[in-house]
**Student:** 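First the structure, which I've put down as structure tokens, then a few questions once you've had a look.
Letters A, B, ... mirror the listed sequences (proteins, then strands); counts begin at 1. No hydrogens, no waters, no symmetry mates; every other heavy atom, side chains included, goes into these values. All values derive from a computational prediction rather than experimental measurement.
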Amino acid sequence: MDLIHNLGIGLGVAFQPANILYCFIGALLGTVIGVLPGIGPLATIAMLLPLTFGFDPVASLIMLAGIYYGSQYGGSTTAILINLPGESSSAVTTLDGYQMAKQGRGGIALAASALGSFFAGTIATILIAVFAKPLSGMALSFGPAEYFSLLTLGLVSSIALASGSVLKAISMVCFGLLMGLTGTDIYSGMPRFTFGAQDLLDGLDFVAIAVGVFGISEILRNLEHVDATKPIVHKITSLWPGKEDLKRMVAPAIRGTAIGSVLGVLPGGGALLSSFVAYNVEKKVSKQSDQFGKGVIEGVVAPESANNAGAQTSFIPMLTLGIPSNAVMALMIGAMMIHGIVPGPNVITKTPDLFWGLIASMWVGNAMLIILNLPLIGIWVSLLRVPYTILFPAITAFCCVGVYSVNGNAFGVYEIAISGVLGYLLVKLECEPAPFILGFILGPMLEEYLRRTLIISNGDMSVFVTRPLSASLLLITVAALIFMMLPSIAKKRSEVFVED
Amino acid sequence: MVLNRKDAAASLFFIGVGLLYGSIILSKLPIGQVTEMGPGFFPIVLSSALILLGGIGLLKSFSSGPGTLFGKFAWRPVITITAGIVFFGAVLSGLGMLLTVFGTAVISSAASPALKARSAVLIGLAISVFCVLIFILALRLPIPVIGAWIGN
């Protein structure tokens, strides 16, 4: 069997002692930042990106990936214990998880979330292994028109991720696309929007912008209300779910995994959207939907399985098509490029040990996370007592060091300050940064594919709809856009995001 | 009729960006044709879209209910954190890692009024020593511990 053979290669790589160590460091860091509110996987990966310069590429990707899925585990811990989602993808877990904690069933909720996540992680790993090869095969037949349509779909689905008005989210995408075009135009060699600055000829620094928009503006938001009130942590009694609980976990875990796996693959999808959808589906199919929000185990298992599955399958478009489905994946692409690996359909064939090693390490990392999160839960709870007054100056300094070390000039550091303040202002105006950053990353690619398509077709716009693959991608895009604009959905969206 | 100031401000921002970038494109960048797109083609589409979307948003903000502009605004953190970051960029090559990180941490920690000067200095010291250990000793980033201004 090809699959088993490939997974064998992967496990061989993942089980090398050094890689196990990096996987562990990643999972550990991920858990820590997941537990600590105010610092997310994106800012962490951006800060640590430069540190991985000296690593072997496989090791650095394994570690960065560990941070990402580790943060999903850590984020749910705080969601359950103190009603504060460490990560936005755990926001929906607070609904039932915290209620369970209040009823003294916090330990069971934690176990349910960890086991659900592990199950989802295992399945998602297998799915990546199964689908990666055919998908990258298909990607080889993609022309520029297909890529353009795929990117458009990604941008539109990122709108679904943003809370608040669809109009603002679309505007943020366009704003991001425009900012992404800063720098020298590769076709004409003309500088665009550089305002005469030499440093802008290579474009705005993505790491600096990401760190500013997510890291710094998050600090500013947190500092609006620094109150010294210590969070109330509910006592954890038993960690092990009983037979009845286990039985109730099976179906939601499977449904959550399925939803997460599908939505994770969609560009713009990933963990956040998956958890919301899984929760709502679970509520719909449940015979006791009125109990949701009052502490049912299904309301914890389903979204937690879904966000972990989604976090993992979001690697599929990145690894096979070279397209980032969310901002974290964009950073991963950045990490690969630093090591001279161009993400895309050739990764599997050219660097099989990297590809399969990364996938296998995700499974290994998920297993480590169970151990990290359940028996060691006490450590993470005590981490919640670290005062934010120590954290935020440290995060600010780390952001600066990280960005400076990427390109070694002060300009990038100033970009952090500007994008941080601008990001904060926009958040205050209820404009979410996620669509902006995706637009920023995809802007140059989108323009490039549009240009190439129209050169090949001799200016004929109809190729986008006459090529079947491109047409179907665009059809999905339009359907998604209409779907989001429907008044009833718009209302649902605002309900869902109220909890955020 | 109540103007939703939040929505109106966001819309005006997008319109402003659209107009600014649009005028740059029209004055400097050739747009070209569909068959051979110039450097201004895609940007002009985007800036027009921004103006259009902002315009729709502005119209809607008259009917979307009340909304305050910013509400609670973190003035103090915005100033101190920005100052801390700019300080870092400005002096790192001259002062080196140790003092720069110390300064950045102390300046930015002024964002929290609850933090006393003494604890700010202690936190700053801890962070700067930590950064030197991790980034320079462990990870060997090519940044001097003590910069050229102070001498080696």
**Student:** Going by the rule side chain to side chain contact (heavy atoms under 4.5 Å, CB included), which residues pair with I56(B) if we only count those two or more places apart in sequence or in a different chain?
**Tutor:**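 Result, side chain to side chain contact (heavy atoms under 4.5 Å, CB included) vs I56(B): L167(A), L52(B), K60(B).
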
**Student:** Which one, F73(B), Y21(B), F41(B), leads in non-hydrogen pairs under 4.5 Å with chain A?
**Tutor:** Y21(B)

**Student:** Count the heavy atoms belonging to other residues, nucleotides or ligands that lie under 6.0 Å from CG of D202(A), then report whether that count exceeds 12.
**Tutor:** no

**Student:** Calculate, to the nearest 0.5 Å, the distance between atoms OG and CG belonging to S93(B) and N409(A) respectively.
**Tutor:**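 Interatomic distance, S93(B) OG to N409(A) CG, rounded to 0.5 Å: 10.5 Å.
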
**Student:** Please report the shortest heavy-atom distance between Y414(A) and G89(B), naming the atom on each side.
**Tutor:** OH-C, 3.4 Å

**Student:** Report which part of L69(B) has an atom under 4.5 Å of a heavy atom belonging to chain A: side chain, backbone, both, or neither.
**Tutor:** both

**Student:** Go through I134(B), V106(B), V101(B), I81(B) and name the one with the most non-hydrogen pairs under 4.5 angstrom from chain A.
**Tutor:** I81(B)

**Student:** Could you tell me which non-hydrogen atom of M190(A) sits nearest to which non-hydrogen atom of P39(B), and how far apart they are?
**Tutor:** SD-CG, 3.8 Å

**Student:** For P43(B) versus E447(A), what's the shortest heavy-atom pair and its separation?
**Tutor:** CD-OE2, 4.0 Å

**Student:** Counting only heavy atoms closer than 4.5 Å, note whether A9(B) contacts chain A via side chain, backbone, both or neither.
**Tutor:** both

**Student:** Quick check for you: among L92(B), V78(B), I143(B), L53(B), which has the greatest number of heavy-atom pairs under 4.5 Å with chain A?
**Tutor:**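 The residue among L92(B), V78(B), I143(B), L53(B) with the greatest pair count is L53(B).
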
**Student:** Which one wins on heavy-atom pair count under 4.5 Å against chain A: L20(B), T100(B), L29(B), T82(B)?
**Tutor:**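 Ranked by heavy-atom pairs under 4.5 Å with chain A, first place is L29(B).
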
**Student:** Which word best sums up how the rings of F398(A) and F130(B) line up, parallel for under 30°, tilted for 30 to 60°, or perpendicular for over 60°?
**Tutor:**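 Because their plane-to-plane angle lies in the 30° to 60° range, the rings of F398(A) and F130(B) count as tilted.
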
**Student:** Which pair of heavy atoms, one from K6(B) and one from K428(A), lies closest together, and at what distance?
**Tutor:** NZ-O, 2.9 Å

**Student:** Taking 4.5 Å as the heavy-atom cut-off, does anything in residues 115-127 of chain B contact chain A, and if so which residues?
**Tutor:** L115(B), I123(B), I127(B)

**Student:** Looking at V17(B), T104(B), V45(B), which makes the most heavy-atom pairs under 4.5 Å with chain A?
**Tutor:**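 Highest number of heavy-atom pairs under 4.5 Å: V17(B).
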
**Student:** If you count heavy-atom pairs under 4.5 Å with chain A, which of I85(B), T80(B), D7(B), I25(B) comes out on top?
**Tutor:**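 Counting heavy-atom pairs under 4.5 Å, the top option is I85(B).
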
**Student:** So what's closer than 4.5 Å to chain B heavy atoms on Y187(A): side chain, backbone, both or neither?
**Tutor:**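 Nothing of Y187(A), per the 4.5 Å heavy-atom cut-off to chain B.
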
